[in-house]
Colleague: 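Attaching a single structure in structure tokens format; questions to follow.
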There are 2 protein chains.
Amino acid sequence: MTQDTEEWVDRLAKARATGERSSMIEWVADVLRGQIFEGTFEPGQRLREEKIGEILEVSRNTLREAFRLLGHERLVVHQFHRGVFVAQPSADDVADLYRVRRALELSAVRGASGAPRSGIDAVAAAVTEGEQALGGEDWWGIGTANMRFHEAITALAGSRRADEIMRQLLAEMRLVFHIMKAPREFHAPYLTSNRRISDLLSAGRTEDAEAALAAYFDIAERQLLEAYDRGGPAGPDAPG
Amino acid sequence: MTQDTEEWVDRLAKARATGERSSMIEWVADVLRGQIFEGTFEPGQRLREEKIGEILEVSRNTLREAFRLLGHERLVVHQFHRGVFVAQPSADDVADLYRVRRALELSAVRGASGAPRSGIDAVAAAVTEGEQALGGEDWWGIGTANMRFHEAITALAGSRRADEIMRQLLAEMRLVFHIMKAPREFHAPYLTSNRRISDLLSAGRTEDAEAALAAYFDIAERQLLEAYDRGGPAGPDAPG
DNA sequence: CACAGCTAATTGTTCAACAATCTGACAAGG
DNA sequence: CCTTGTCAGATTGTTGAACAATTAGCTGTG
């Protein structure tokens, strides 16, 4: 145990009080996913069935089914007879994430000329949202807006499956940011790049937009990997 | 922990991280997945917990966790308080599947110049496997070889995540073939196309290979959708 | 035929129990 | 000092039963 003053107990208890849902399992998965995003659970942290089940007031079976879902989303890693741990993406994982993101997002932009106006508007809206967050120095909001920007980019392809895949990839990206302790300000410098991509899309210059997005990927990935190098390997027995 | 820079340390560490051991749940999921592929369970068929649990001699809890996994792979559809059904991909799903496949596979081919020789060899091996199956009139083998061909194409990108995503997409494609009752001979005409793509890759002509693959996608998708039209909508309450 | 109500069947969730396995501490021996 | 074996405690894996919640099917009535 890292701390005796485990504050996350309170947060989970609070989450328990806030509502019901159709399926307990999905509710539990939603809560845990949210807590992972917030950073309540650190990457690599072990999640004990009994304790968390007790806090959320769900049985171990229900909790385990929720863990399965999160495991399939790569947010937690399940080790036989050892338990589930919050995933800890490695530098290799970062490179892998960017490979898939390049394939999906660049492809979406390439076919953007056939996308409906509403899709391109959604991209622009995400950029505006980020700019407003920047004005209010709302760093958390900037990160969220940036994620929404890339979701909107992907949505240009008009594929439910691509949308869901991207949601998962971006969820993993959040873990990456947590690991390298890069605060959400990391996203701020890319706002101008996002704006430019959005403008190019609105102008129908999809080829230029694609090139700009590709350049963004190169820079962002390199910067992340350098940050990983500086931080060094997180730990010896890092799961995930 | 000091710096033990001997390489076997890494190997052991990697082996440990990769080591997922057999659990009942995954075994059950494997069995059910196999039965769905074989056609033992028809698309749309309901899978009752009690009955299947009895046959496989596992408890309902274990079976339900396995169902969660298959649901996340889109092989079954879970309806609250109604049960799980074998997925029944619609014509829209087929179009969606091809959107993602285009993004991933074409991207992989585009970057094939940087892929290791072994990857291109794997593509050629899959084609050869299909040709041999054709000679033996082994229709099932042709379908399998075709799947392996596209897996090998995707693997050129060198991304674990892309590989896994493609495995899932191809699993869904099997359901599509079951639905339109297209026997595996459906794949046979595309063997020559596969051979050509493979040869172009071996010759390093990645752009031509990409164009050939794109043409294949267009034809295959159109043929599938036409078959769907002929068959008409499968049913009124088709889950999927 | 439509339809409300009742019953049976099925799933959702919890609980308690036991088996299998990991963890950590501690003693024995080199 | 370091390694190794052993043992007890803790945690997960799996089962089976129980009950609640919801759906599906049937029945009688108008």
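A note on names: the letters A, B, ... follow the listed sequences, proteins ahead of strands, and every chain is numbered from 1.
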Colleague: The side chain of A:His81 lies closest to which of these nucleotides: D:dT12, D:dT23, C:dT13?
Modeller: D:dT12
Colleague: Write down the distance between CD (A:Glu50) and C1' (D:dA10), rounded to a whole number of angstrom.
Modeller: 9 Å
Colleague: Give the rounded distance in Å between these two atoms: CD of B:Gln79 and C1' of C:dT10.
Modeller: 14 Å
Colleague: May I have the distance from A:Glu54 (atom CD) to D:dA10 (atom P), rounded to whole angstrom?
Modeller: 15 Å
Colleague: Can you see if the side chain of A:Arg82 gets near the phosphate of C:dT23 - specifically, an N or O under 4.0 Å from OP1 or OP2?
Modeller: yes
Colleague: Hey, can you tell me if A:Phe177 and A:His187 have their rings parallel, tilted or perpendicular (30° and 60° cut-offs)?
Modeller: perpendicular
Colleague: Short of 4.0 Å, heavy atom to strand atom, which residues of residues 55-67 of chain B count as contacting DNA chain D?
Modeller: B:Glu57, B:Val58, B:Ser59, B:Arg60, B:Asn61, B:Thr62
Colleague: Atom CD1 of B:Ile25 and atom C1' of C:dA20: how far apart are they, to the nearest Å?
Modeller: 14 Å
Colleague: Going by the rule side chain to side chain donor-acceptor pair (under 3.5 Å), which residues pair with A:Ser107 if we only count those two or more places apart in sequence or in a different chain?
Modeller: none
Colleague: Assess the residue pair B:Ser118 and B:Asp121 against the criterion (side-chain hydrogen bond (donor to acceptor under 3.5 Å, both in side chains)); give the C-alpha distance rounded to whole Å, side-chain angles, the decisive distance to 0.1 Å, and a yes or no.
Modeller: CA-CA 5 Å; B:Ser118 61; B:Asp121 289 345; over 6 Å; no
Colleague: Whole angstrom is fine here: how far is it from CE in A:Met24 over to C1' in C:dT11?
Modeller: 16 Å
Colleague: Specify the separation, in whole Å, of atom NE2 of B:His78 and atom C1' of C:dT10.
Modeller: 11 Å
Colleague: Grab the CD1-C1' distance between B:Ile52 and C:dT11 for me, whole Å please.
Modeller: 14 Å
Colleague: Return the value, rounded to whole Å, for the distance between atom CD of B:Glu49 and atom C1' of D:dG16.
Modeller: 14 Å
Colleague: For A:Phe37 versus A:His178, what's the shortest heavy-atom pair and its separation?
Modeller: O-NE2, 2.7 Å
Colleague: Give a yes or no on whether A:Glu226 atom CD has more than 12 heavy-atom contacts from other residues, nucleotides or ligands under 6.0 Å away.
Modeller: yes
Colleague: Within 45° of the ring axis of A:Tyr98 and under 6.0 Å from its six-membered ring centre, is that where the NZ or CZ of A:Arg101 lies?
Modeller: yes
